[in-house]
Amino acid sequence: MSSTLVLGVETSCDETSVALVRDGREILANIISSQIEIHRRFGGVVPEVASRQHVLAINPLFEEALGAAGVGWADVTAIAATHAPGLMGALLVGLVAAKAAAWSLDIPFIGVHHLAAHIWANVMANPDLDRPFLCLLVSGGHTSLVKVEGPRHFTLLGETIDDAVGEAYDKTARLLGLPYPGGPELDRLAAEGNPKAYKLPRAMLNEPGYQFSLSGLKTAVRRLIEKSAAAGIPVPAADLAASFQAAVVDVLVAKATRAAEAEGLTTLALAGGVAANRGLREALTRRCAERGWRLSLPPLALCTDNAAMIAGLGHELYLEGVRSPLDLPAASRLALPREQ
Ligand code: KG4
Ligand code: ZN
C-alpha cells in the first residue's frame, strides 16, 4: 500500500494547530499556537477573540508545519479538519482554510469530529489496542464514557449532566486564586496537599448508569473558602485542591470500572485535556493493574488540543473511503458518529 501524508487542522477552541502525519502514525510536525496568554486576562476563552487569533495564525502555521516536516503542498495526500464540536467562529476559520487548500490542490477533504479524534489519539499511540475498548473522555467541554468499536463507531454510555471535568477544575482553580488555565495548576497544587483533609461530595457515585454531576463540587469548595475567610483563617489551598482532586478521581475511576465490567471490556483508554491530570493517570493505572486490564494513556502532547490527532483520525477515515463534501457545515454541538 502506498504511503499517505495527511495534513490536519484544528481550531475548535483556543489553540490553532496544523500537523502532518504519515500513515496515520508518524507525526512529522504538530505545531500548536496557543492563545492562553491572550485569554488569561479575561480568565477564560473569549470566542470572538479566539476566532480573530485563528485568522491571524492559520496561514503562517501551514507554512511552519510544512517547513518543520520538510515536505511541500504537493506531497500532501488529503486534508483533515475539525468541523465539530467547538466554538462556531473558531471552527469556521480552520474548516474554511482546510477546504480551500484541499480544493485548490484538488485532493480529498475530510471533516473530523473533535472528540472522536481525542479518543483516536489512543489508537495512534497504541495501534495494537484491542477493540472495542472503553474510553473515559475528559476535557474542558466533555466528560463521557464511550465504547469505541471503530473510527466511525462510538457508543456513548454516559456523560455529565452539568459541568465537564475540565470546567470543574478551571472554576475551582479560580476560586482558589490560581492563574488561568486552572486545571494544570490545581493538579500541581493537589500534589502538595492532603486528599483526606476535606470530605467533598462524590455526586451520583452509587447511582446506576454512567452519568456524572460535577457542579456541586465547586460549590462545596466555595463554601469552605467562605468559611475560612469568615473565621479569618488563611485558605488551605493545597488541602482543598488535593481533596477536590480525590473526589473527582474517585467518581471517574469508579464509573469507568463499573462500565468496563458491565460491558465486558478489559481495555481502557483515557482521552481529552484532563487526561494530562497526574492524579487521574495514577489512579486509573492502579485500578487497571489490580484488574489485569490494559490501559492506554496517550502521550501528553496528544491529550490537549492538537492537529496530529485530527490528521491521525483523518488518515483512518481516508483509508475507509470517507470524502467530505466542500459544503460540510461546522457545528458547535454534534454527537459522536455511530455508523458501523
Ligand atoms: O481537551 P482540551 O485541551 O480542550 C477541550 O476540548 O476542552 O481540554 C482542556 C481542559 C481545560 O479545562 C484544562 O484546565 C484541563 O483540560 N486540563 C487539566 C489538566 N491539563 C489540562 N485538568 C486537570 N489537570 C490537568 N493536568
Ligand atoms: Zn479538545
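Note that ligands are numbered from 1 as they come in the structure, with each ligand's atoms numbered from 1 the same way. Worth saying up front: this structure is predicted, and the values here are computed from it rather than measured.
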Count the heavy atoms belonging to other residues, nucleotides or ligands that lie under 6.0 Å from CH2 of Trp103, then report whether that count exceeds 12.
no
Out of curiosity, Phe244 CZ to Leu176 CG, how far, rounded to the nearest 0.5 Å?
9.0 Å
Flag, side chain of Thr172 to backbone of Tyr169, donor-acceptor distance under 3.5 Å:
no
How would you list, by chain and number, the residues with a heavy atom under 4.0 angstrom from ligand 1?
His114, His118, Ser139, Gly140, Gly141, Gly166, Tyr169, Asp170, Gly183, Pro184, Asp187, Gly272, Gly273, Val274, Ala276, Asn277, Thr304, Asp305
Is the CZ atom of Arg174 crowded by more than 12 outside heavy atoms at less than 6.0 Å?
no
Using a cut-off of 2.8 Å, how many protein N, O or S atoms sit around the Zn ion (ligand 2)?
3
Salt bridge between Glu261 and Arg258, side-chain N to carboxylate O under 4.0 Å?
no
If the threshold is 4.0 Å, N to carboxylate O, is there a salt bridge linking Arg188 and Glu185?
yes
Pair His315-Thr4, side-chain donor/acceptor within less than 3.5 Å:
yes
More than 12 foreign heavy atoms under 6.0 Å from CG of Asp128: is that the case here?
yes
With a sphere of 6.0 Å drawn around CZ of Arg287, does it hold more than 12 non-hydrogen atoms of other residues, nucleotides or ligands?
yes
